[in-house]
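Just so it is clear: chains get the letters A, B, ... in the order the sequence lines come, proteins before strands, and each one is counted from 1. Since we're looking at a predicted model, the values are computed, not measured. Note that these values count all heavy atoms, side chains included, but never hydrogens, waters or copies made by symmetry.
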There are 2 protein chains.
Amino acid sequence: MSPSANFKRQTVAATLADALRERILNQELEEGSALRQDALASEFGVSRIPVREALLQLEGEGLVVQVAHKGYTVSVLSCDDIRELFDLRALLEVDLLRRALPRMTDEVIAKAWSIVETFDDRLKHKAEEVNWGVLNWQLHSTLYAPAGREQTMRMLQSLHRSADRYLRMQLKIAQRSNDRARSEHARLVALCEQRDGVEATRLLNEHILTARDELLDFLITRTNGSNGVDDKSKDDRQFR
Amino acid sequence: MSPSANFKRQTVAATLADALRERILNQELEEGSALRQDALASEFGVSRIPVREALLQLEGEGLVVQVAHKGYTVSVLSCDDIRELFDLRALLEVDLLRRALPRMTDEVIAKAWSIVETFDDRLKHKAEEVNWGVLNWQLHSTLYAPAGREQTMRMLQSLHRSADRYLRMQLKIAQRSNDRARSEHARLVALCEQRDGVEATRLLNEHILTARDELLDFLITRTNGSNGVDDKSKDDRQFR
DNA sequence: GTTTTGGATATTGTATATAATATACGGATG
DNA sequence: CATCCGTATATTATATACAATATCCAAAAC
């Protein structure tokens with residue numbers, strides 16, 4: 001097994017799904033914009049079949065929306081949708097943490113600490129915000145893994161990705177939120193280390209709901225400014 | 001608009017997804033069995049493309065599982081998975097009901113009562129159990145709709161469908177569970193009518209967790225008998 | 001002037017054909 | 001006898017070709 005052997009076990013459709021997901025999360029593809037199968041196919045040098053299958057997968061993740069015979073558009077979340085997203089996260093994650101804590105080994109704690117350190121390193125080196133969401137998911141999923149709840153984790157990862165799309169907007173601007181999140185992460189891992197379930201779940205809940213409120217504040221101010229999250233206005237720019 | 005005009009606005013792939021979903025839910029397609037694209041295509045008289053797209057959608061719903069270059073199989077849920085399914089339902093549904101209750105109109109209550117009556121009618125006429133799950137979802141979704149939580153509802157419907165597959169096994173045999181569910185439904189709607197949030201959510205939680213325990217008991221006894229839910233044994237019958 | 005209607009164009013949906021990958025089997029080799 | 005390897009077969013994955021549907025625009029009708 002040569003170490004560099006990066007055999008593409010994946011299918012083209014799966015690779016495309018990854019590429020398109022990243023584009024959606026980093027705003028390269030704006031919310032509401034139409035995804036033309038032909039254009040994507042020729043751009044990636046493939047046929048439309050794997051493009052369609054990639055889009056179908058992304059639809060399952062809630063990142064795109066399909067209308068039969070009209071096509072796919074990047075999904076648009078209203079402020080209410082975003083609020084629901086974070087409320088759901090809080091509900092699921094608190095439950096996961098509560099179940100995980102009794103089974104949490106020292107190895108898990110150690111891994112969590114190392115991810116928290118990575119956050120700090122990243123901040124020091126002014127690294128791009130690209131993988132903030134990935135790191136965040138790594139930390140959270142590490143803490144929840146001992147719960148042994150695979151289905152919940154799959155659902156939650158979708159929610160994290162959807163949330164990530166909007167968090168990235170905010171993180172580009174609001175360094176404060178970033179700092180707060182990092183310090184809360186450290187406190188959270190510390191509480192887990194002490195096996196203080198009550199305080200850990202309480203902090204986690206606050207952590208998520210505070211992120212929710214800060215994000216909504218950010219989005220509302222920006223929307224009032226001018227562009228941004230469609231606040232209910234049914235714009236028709238999704239189809240040419 | 002002629003009343004009988006049943007224009008197929010749907011796509012073939014969507015129709016196939018519906019057909020296959022029903023087959024999975026009613027055990028016509030056993031858990032773990034392989035889904036051969038060619039066979040399905042020729043059976044339905046279509047090409048393999050819409051078959052693949054239908055399977056992709058079902059994968060998003062958790063009803064089938066794909067392995068690249070090997071194919072799709074009907075997903076197999078372990079007892080732990082089923083337990084998780086119902087725990088998740090309880091978590092989400094209690095939250096939904098709590099949010100829905102303050103906004104619940106008399107119309108919603110009336111609709112809920114009518115569905116409860118339909119349950120009773122169905123029982124009297126010894127109707128087939130086919131649409132038990134549909135009715136159950138109608139009742140529950142009616143009660144939760146005022147919460148205005150579309151994303152949660154989509155996720156929950158998937159969970160209900162997955163659960164339905166196993167509940168159907170049980171309902172064929174255990175009339176007792178059926179009776180209990182119906183009486184609990186009536187009590188639940190009554191509590192909603194009185195706007196007794198505390199008792200309603202408590203009953204709902206119990207309702208779901210009792211169903212969970214009865215189902216697990218049923219599955220475990222049946223498994224010990226002989227066939228049934230694969231209790232962790234990694235059988236290899238999914239691919240020829 | 002507004003609405004309607006027809007067809008031209010763009011785009012999606014499905015069928016057929018080809019390529020890639022996995023599985024099964026049998027024979028060669030030690 | 002066990003193991004390895006190559007080939008035949010089955011099945012999936014993708015490309016290309018065709019059909020169905022939607023959108024747009026201009027001309028006709030009122």
Expressed as a whole number of angstroms, how long is the span from A:Arg36:CZ to D:dT23:P? 10 Å

Return no unless some side-chain N or O of B:Ser47 is found under 4.0 Å from OP1 or OP2 of C:dA15. yes

Please report, rounded to the nearest Å, how far the P atom of C:dT12 is from the CG atom of A:Leu35. 9 Å

Only one of A:Glu31, A:Glu43, A:Glu30 clears salt bridge (charged side-chain N to carboxylate O under 4.0 Å, His left out) with A:Arg23; which? A:Glu43

Which nucleotide sits closest to the side chain of A:Ile49: C:dT16, D:dT16, D:dT21? D:dT16

Using atom CG of B:Leu40 as one end and atom C1' of C:dT14 as the other, report the distance to the nearest whole Å. 16 Å

Nearest-nucleotide pick for B:Gln37, side chain only, options being D:dA15, D:dA13, C:dT12: D:dA13

Could you state the CZ-C1' distance from B:Arg52 to C:dA17, rounded to the nearest angstrom? 15 Å

What is the separation between atom CD on A:Glu53 and atom P on C:dG13, rounded to the nearest whole Å? 13 Å

With no hydrogens and no angle check, is any side-chain donor or acceptor of A:Thr221 less than 3.5 Å from a backbone partner on A:Phe218? yes

Spacing of B:Phe44 atom CZ relative to C:dT14 atom C1', expressed in whole Å: 16 Å

Nearest to the A:Gln66 side chain among D:dT14, C:dG13, D:dA13, which nucleotide is it? C:dG13

Can you tell which of C:dT21, C:dA15, D:dA22 lies closest to the side chain of B:Pro50? C:dA15

Of all the nucleotides listed (C:dT14, D:dA15, D:dA22), which has the minimum atom distance to the side chain of A:Val46? D:dA15

Separation of atom OH in B:Tyr72 from atom C1' in D:dA10, rounded to whole Å: 18 Å

Between A:Gln151 (side chain) and B:Glu84 (backbone), is there a donor-acceptor pair under 3.5 Å? no

Under 4.0 Å from OP1 or OP2 of D:dT14: is there any side-chain N or O of A:Thr11 that close? yes

Between the base of D:dA13 and the side chain of B:Arg48, is there any donor-acceptor pair under 3.5 Å? yes

What is the separation between atom NZ on A:Lys70 and atom P on C:dT9, rounded to the nearest whole Å? 22 Å

Side chain of B:His69: nearest nucleotide among C:dT16, C:dT21, D:dT14? C:dT21

Walk me through whether B:Tyr144 and B:Glu93 qualify under side-chain hydrogen bond (donor to acceptor under 3.5 Å, both in side chains). CA-CA 8 Å; B:Tyr144 309 148; B:Glu93 297 191 34; 2.4 Å; yes

Does B:Asp18 come within less than 4.0 Å of B:Arg21, counting only side-chain N to carboxylate O? yes

